[in-house]
Amino acid sequence: MQQYRQQYPDMSLSEIQNLARSTLKTGDTLPKVSIAKPGESFYKLIPTSEARGPSQGTVYWMDESQLNDVMSGNVNIGSAFGLPNKTTTNSYHVYKTTVSDSQAPLIFRSNIAPVVDDGVFKVGGQNQTLLPKRSAFTQPVQILDGNRKPLVIQSR
Amino acid sequence: MNQQAIMEKAFLLERLFIKYKDQSADISAAYLQCKPLIDRAVAGEFTAATDERLPGNYFTTEFDLINYRDLYKTASDLNMYLEGWDSEQAFNKHMKKLLGE
């Protein structure tokens with residue numbers, strides 16, 4: 001909640017609590033907290049059909065080991081990550097954000113809880129890394145492949 | 001427990017959902033999800049603190065609701081009163097202590 005408080009100083013405390021509670025509910029366990037170091041990077045998948053990058057406030061990211069896992073093409077991304085139907089697709093672009101110099105934000109890791117979105121069941125089970133204090137991170141940049149084209153990851 | 005505040009916040013929340021639901025598919029979907037609890041709250045069903053809250057799926061950073069601040073604040077206040085607080089001031093005092101402010 002303190003991280004959200006710092007990220008959204010104009011929010012009321014009831015909003016902060018609601019946001020924190022809603023975020024926690026996306027995990028099936030209480031998240032483990034740790035401190036991210038400057039230069040440490042986290043990744044976000046965005047459907048290839050969307051021109052936009054990650055939204056300004058999104059807290060849901062993955063670490064490098066998870067990115068490697070999904071790059072195998074053997075993960076049903078929408079289901080395993082409990083993505084909303086609107087962002088569930090067959091292929092994704094990848095964006096990276098990095099802890100800014102002189103920053104040491106708290107980050108939280110948990111397993112993604114099963115969820116139903118408009119009647120569609122998502123099994124969850126993958127890990128998620130929550131970055132509530134986004135102001136401590138760089139603006140997301142798109143990851144390119146060896147041909148300097150946007151890297152594309154396929155869902156199983 | 002502030003039953004009157006629960007009824008008022010729920011009534012206002014429904015009006016805000018109706019105001020914005022055509023502007024955002026997220027809000028429309030959230031309204032459907034939240035409506036059963038809103039109806040019960042407006043009807044005065046909650047007379048004591050409860051563990052029930054508005055379904056939280058659409059209140060994360062991934063959806064539009066967070067950008068409609070009057071709606072988000074009203075929903076958050078409704079949850080606060082369902083938790084059993086008599087006033088926002090009392091809740092804020094508790095939270096500030098919790099956050100070490």
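Sequence lines set the chain letters: A, B, ... in the order given, protein chains first and strands last, and positions in each chain run from 1. It should be emphasised that the depicted structure is a prediction, and the values quoted were computed from it without experimental measurement.
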Nearest atoms (heavy-atom pairs only) where B:Ser76 meets A:Ser14
CB-O, 3.4 Å
Do A:Ile143 and A:Leu67 sit in one hydrophobic cluster, given that two such residues count as connected whenever their side-chain heavy atoms are within less than 4.5 Å of each other, even indirectly?
yes
Which answer fits B:Asn79, side chain, backbone, both or neither, if we ask what part of it has an atom under 4.5 Å from a heavy atom of chain A?
side chain
Non-hydrogen atoms of chain A under 4.5 Å away: do they reach the side chain of B:Phe59, the backbone, both or neither?
both
Transitively linked via ILVMFWY side-chain contacts under 4.5 Å: A:Phe108 with A:Trp61?
no
Between A:Leu19, A:Thr23, A:Val116, who has the most heavy-atom pairs with chain B when the cutoff is under 4.5 Å?
A:Leu19
Side-chain heavy atoms of B:Ile66 within contact of A:Met11, under 4.5 Å:
yes
What do you reckon, is CD of A:Gln6 surrounded by more than 12 foreign heavy atoms closer than 6.0 Å?
yes
Residue A:Ser55 versus chain B: region with a heavy atom under 4.5 Å
side chain
Identify whether the distance between the nearest side-chain nitrogen and carboxylate oxygen of B:Glu62 and A:Lys86 falls below 4.0 Å.
no
Between chain B and each of A:Ile16, A:Thr87, A:Asp10, count heavy-atom pairs under 4.5 Å; write down the option with the most.
A:Asp10
Residue B:Arg69 versus chain A: region with a heavy atom under 4.5 Å:
both
When you measure from the side chain of A:Gln2 to the backbone of B:Leu99, do you find a donor-acceptor pair of N or O atoms at a distance under 3.5 Å?
yes
Count I, L, V, M, F, W, Y as connected when their side-chain heavy atoms are under 4.5 Å apart, and connections chain through other members. Are B:Leu98 and A:Leu13 then in the same cluster?
yes
Sort out for me which residue in A:Thr26, A:Asn18, A:Val59, A:Leu24 forms a side chain to side chain contact (heavy atoms under 4.5 Å, CB included) with B:Thr60.
A:Thr26
Which region of B:Glu101, side chain (C-beta onward) or backbone (N, CA, C, O), has a non-hydrogen atom less than 4.5 Å from a non-hydrogen atom of chain A, or is it both or neither?
side chain
Would a hydrophobic clustering, with Ile, Leu, Val, Met, Phe, Trp and Tyr connected at side-chain separations under 4.5 Å, put A:Val70 with A:Leu131?
no
Transitively linked via ILVMFWY side-chain contacts under 4.5 Å: B:Met7 with B:Phe46?
no
Might you confirm whether atom CD of A:Gln139 has over 12 heavy atoms from other residues, nucleotides or ligands at distances under 6.0 Å?
no
Please rank B:Arg53, B:Gln33, B:Lys96, B:Lys73 by heavy-atom pairs under 4.5 Å with chain A and give me the top one.
B:Lys73
Report the option among A:Lys25, A:Arg21, A:Gln56, A:Met1 that has the most heavy-atom pairs separated by less than 4.5 Å from atoms of chain B.
A:Arg21
Crowding at CG, B:Leu32 (>12 non-hydrogen neighbours, <6.0 Å)
yes
Under 4.5 Å from a heavy atom of chain A, the part of B:Asn67 involved
neither
Which portion of B:Asn57 sits near chain A, non-hydrogen atoms under 4.5 angstrom
side chain
